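Please read these numbers as outputs of a predicted model, since none were measured by experiment.
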Amino acid sequence: QVTLVESGGGLVQPGGSLRLSCTASNTINSFYEISWYRQALANERERVAVMMTGSRTDYADSVKGRFTISSDDGKNTVYLQMSNLKPEDTAVYYCYGRLKANSYWGQGTQVTVSS
């Protein structure tokens with residue numbers, strides 16, 4: 001059974017920073033893709049950052065220069081460092097992993113950016 005567990009969400013003021021963690025039950029290198037998605041109320045789930053085999057990364061235009069995805073293989077953990085947060089970043093953030101032919105989601109962690 002493959003599991004992904006997010007943590008690190010919370011309330012932060014505009015301009016602030018947060019670091020989200022996604023801890024996997026499998027080694028990070030076993031995944032073809034690990035991504036962070038977010039979903040705000042009434043919006044579709046959107047991908048904000050992806051890390052693929054070979055540590056290639058990509059970001060949504062809305063977060064480029066502000067968010068960074070990274071991993072600690074020894075801890076089976078992928079991080080999303082978020083800086084200069086804006087109210088429009090408010091959403092539930094989900095970790096997603098693709099392993100062989102299967103896809104896995106975490107339970108989500110709430111990020112609220114508000115003064």
Side chain to side chain contact (heavy atoms under 4.5 Å, CB included), that's the test. Do R38 and V63 meet it? Break it down for me. CA-CA 12 Å; R38 68 184 180 188; V63 306; 4.0 Å; yes
ring-ring contact (aromatic ring centres under 6.0 Å, His included) between W36 and F67: does it pass, once the steps are laid out? CA-CA 11 Å; W36 285 97; F67 290 13; 9.9 Å; no
Checking side chain to side chain contact (heavy atoms under 4.5 Å, CB included) for the pair N29/D73: CA distance, chi angles, key distance, verdict? CA-CA 7 Å; N29 286 337; D73 295 343; 3.6 Å; yes
Where do I34 and V50 land on the side chain to side chain contact (heavy atoms under 4.5 Å, CB included) test, with the steps shown first? CA-CA 6 Å; I34 294 273; V50 57; over 6 Å; no
Should S83 and R19 be marked as a side chain to side chain contact (heavy atoms under 4.5 Å, CB included) after you check the CA-CA gap, both sets of side-chain angles, and the distance that decides it? CA-CA 9 Å; S83 302; R19 188 178 75 164; over 6 Å; no
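How far OG of S71 is from OH of Y79: 9.0 Å, rounded to the nearest 0.5 Å. Interatomic distance, OG of S21 versus CG of L4, reported as 12.5 Å (0.5 Å rounding). Taking OG from S17 and CE from M82, the interatomic distance works out to 8.5 Å, rounded to the nearest 0.5 Å. For the atom pair CE of M51 and CD1 of I28, the computed distance is 8.5 Å after rounding to the nearest 0.5 Å. A distance of 9.5 Å separates OG of S115 from CG of L11, quoted to the nearest 0.5 Å. Between N26 atom CG and Q1 atom CD the span is 10.0 Å, to the nearest 0.5 Å.
The main-chain N or O of D72 is never found under 3.5 Å from a side-chain atom of T77 such that the two would form a donor-acceptor pair. The backbone N or O of G9 lies less than 3.5 Å from a partner atom in the side chain of T109, making a donor-acceptor pair.
Taking the side chain as every heavy atom from C-beta outward, L20 and V111 approach each other to under 4.5 Å. Within the 4.5 Å cutoff, the side chain of E88 has no heavy atoms near those of the T90 side chain. The shortest side-chain heavy-atom distance between Q13 and P87 does not fall under the 4.5 Å cut-off. Considering only heavy atoms from C-beta on, L80 comes within 4.5 Å of Y93 through its side chain. Taking the side chain as every heavy atom from C-beta outward, E6 and Q107 approach each other to under 4.5 Å.
Using the six-membered ring where Trp is involved, Y104 and F31 have ring planes that are perpendicular, over 60° apart on the 30 and 60° scheme.
For R45 and Y94, the positive end sits near the middle of the six-membered ring, less than 6.0 Å away and at most 45° from its axis.
The hydrophobic clustering, which links ILVMFWY residues whose side-chain heavy atoms are closer than 4.5 Å, places Y59 and L85 together.
Here T27 pairs with S30, N76 under the side chain to side chain contact (heavy atoms under 4.5 Å, CB included) rule; sequence neighbours left out.
Counting non-hydrogen atoms of neighbouring residues, nucleotides and ligands closer than 6.0 angstrom, the NZ atom of K64 exceeds 12 such neighbours. Heavy-atom contacts from other residues, nucleotides or ligands closer than 6.0 Å to CD of E44 number 12 or fewer.
Between K86 and D89 there is no salt bridge, since no side-chain N of the basic residue sits under 4.0 Å from a carboxylate O of the acidic one. With salt bridges taken as basic N to acidic carboxylate O contacts below 4.0 Å, one links E33 and R47.
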